[in-house]
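Inspection log for the structure reproduced underneath, given as structure tokens.
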Amino acid sequence: MLEFSQALMALSKETESDLLPIFQQIDERAFRNQKKVLEAFREEKVSTECFNPTTGYGYDDMGREVLDRIFARVFEAEAAFVRHSVLSGTHALTIGLFGLLRPGDTMLAVTGTPYDTLRSVIGIEGEEGTGSLKDFGIRYEEIELNEKSELNEKAILNRLAKGGVKMVYLQKSPGYSTRRPLGNHVVKKAVELVKQAGSDAFVVVDNCYAEFCEEHEPCYYGADLCIGSLIKNPGGGMAESGGYLAGTKKAVELCAARWSCPGIGLEIGASLGNTKAMFKGIFYAPHTVAQALKTAVYSAALFEKMGYDCIPRTEEARFDIVQQISLQSGDKVEAFCRGLQSASPVDSYVTPIPWAMPGYQDPVIMAAGAFTQGSSIELSADAPMRPPFTVYMQGGLTWESAKLGILAAAEEVFKIEK
């Protein structure tokens, strides 16, 4: 039985009361985003025939084609494709990088070093000769954000002026850094800088964890390509695999040739019965993301009252669903993850421990009692076991179940404090 101390429940009640105005703002944004999704379904005349599975080559798959158009509408792009066979967010990003870049091109990351798993794709970490961008003669450069966690505009303009940059790359979510997430105003500024420099570089955005956290998506502000995973926000907790790429027609066509092969692109690809879950996922997504945002705000407010530093802070704008909580010790990180796992609907009896996870430099601990393995839109927490021992919590299919998970995590941290 889940039981919580009176002191924690009193703190939780006070916290939740304080958050009512923020929760109302989240619900209002979810309503507007849900309207956008519903309108896309209506415009594309979704019918039960769209859910029929195809096999083999998957030629003339009606559902696949309609879903691509829905994603293009929802992500405010010229074109898009979404496939259950995209294995992860990193795989989707890899399709985008290899789709747009050619030998001799330069990829310029303007939000610092990308997420851990993408570094071996680029070739800045990992073994040589495994097929990274570097192996194919594609150069990589990066510019860190300034001290205010904003784009270093002068450095970006200076580099673009030298020429040779084919891609300006932004990562909205912080990954395992301790910076703040970036909103679409940063994407807009990057697009403006590229135009100001007279560059023809593609502006590409890692949109993982950020979908539906604002009223518009990166393509609305001029990004050539935005990329994400279906077991994060846009899958709504319904899709069990997959990823999407949305952007200009040119960018999407180039990526489609990489996803399948040149000359075929998006004309092939059997749905194998996965289409209905992806339709349901994008339909549920605005609501599910709102549940995750409420969970993030609540966890920040609760742990701030307990004396811990959080990024973002309770009152700050939210640009993704990830909540950073600096617990300052490995024992507290393990306690947090242990508590959250114990209040999960799946594998609640399991005790998470740190392990050497492929693609990461430090041992990583993960708590995720999810219906879909690795689903970040379901309540989960993970942390690299290194100072300042920050746990990264995200997701929550329902606010009520997620609240129970956060309370269980807080109770375990209370025990360590005693």
Side-chain angles (χ1 to χ4, degrees), residues 1-31 174 178 180-181 209 212-213 233 287-329 331-345 348 367-369 376-383 388-418:
M1 180 179 292
L2 291 171
E3 294 183 350
F4 310 114
S5 64
Q6 290 184 350
L8 178 58
M9 291 309 296
L11 191 63
S12 174
K13 185 176 181 179
E14 176 188 331
T15 299
E16 206 168 340
S17 177
D18 293 343
L19 295 177
L20 290 178
I22 298 177
F23 280 13
Q24 182 177 356
Q25 292 173 6
I26 292 171
D27 286 336
E28 290 171 354
R29 186 186 307 114
F31 178 80
T178 54
R180 280 160 173 74
Y209 302 102
F212 300 109
C213 291
N233 301 20
H287 172 75
T288 308
V289 170
Q291 306 300 286
L293 287 171
K294 289 179 181 179
T295 303
V297 172
Y298 171 77
S299 62
L302 184 67
F303 275 84
E304 283 173 0
K305 289 180 183 293
M306 291 169 59
Y308 296 99
D309 292 331
C310 296
I311 300 176
R313 294 187 59 82
T314 303
E315 70 281 358
E316 288 185 299
R318 298 270 158 175
F319 301 124
D320 70 1
I321 63 169
V322 180
Q323 180 61 54
Q324 303 176 40
I325 305 171
S326 182
L327 294 171
Q328 298 300 320
S329 80
D331 287 348
K332 290 179 181 178
V333 168
E334 291 191 43
F336 184 101
C337 292
R338 185 168 60 246
L340 189 141
Q341 185 76 38
S342 73
S344 298
S348 60
S376 301
I377 193 61
E378 301 184 52
L379 185 63
S380 62
D382 48 282
F389 294 101
T390 297
V391 68
Y392 297 78
M393 187 226 72
Q394 57 273 317
L397 292 179
T398 71
W399 153 238
E400 295 81 7
S401 63
K403 177 183 174 182
L404 289 167
I406 300 305
L407 286 170
E411 191 70 63
E412 289 298 313
V413 173
F414 264 145
K415 293 176 183 177
I416 295 291
E417 291 177 340
K418 294 177 181 177

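Because the structure is a prediction, the values reported are computed rather than measured.
- Heavy atoms from other residues, nucleotides or ligands lying under 6.0 Å from CD of E400 number more than 12.
- Listed by chain and number, the residues in a side-chain hydrogen bond (donor to acceptor under 3.5 Å, both in side chains) with T288 amount to none (sequence neighbours excluded).
- Between D320 and L293, the shortest heavy-atom distance links the atoms O-CD2, 3.6 Å.
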CA sep, side-chain torsions, deciding dist, call: V322, S376, side-chain contact (heavy atoms from CB on, under 4.5 Å)
CA-CA 9 Å; V322 180; S376 301; over 6 Å; no
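- Counting all heavy atoms, side chain and backbone alike, A335 lies closest to I416 at CB-CG1, 3.6 Å.
- The closest side-chain donor-acceptor pair between S326 and Q328 falls under 3.5 angstrom.
- Each of L327, I325, V391 was evaluated against K332; a single residue qualifies, L327, per the side-chain contact (heavy atoms from CB on, under 4.5 Å) test.
- Using a 4.0 Å cut-off between a side-chain N of Lys or Arg and a carboxylate O of Asp or Glu, E412 and K415 qualify as a salt bridge.
- In this structure, the side chains of F336 and F303 come closer than 4.5 Å at one or more pairs of heavy atoms.
- With sequence neighbours excluded, the residues that form a ring-ring contact (aromatic ring centres under 6.0 Å, His included) with Y298 are W399.
- Within the 4.5 Å cutoff, the side chain of N233 has heavy atoms near those of the C213 side chain.
- In this structure, R318 and Q323 have side chains that are in contact, with non-hydrogen atoms separated by less than 4.5 Å.
- Taken to the nearest 0.5 Å, the CG atom of L302 stands 11.0 Å off from the CG atom of D18.
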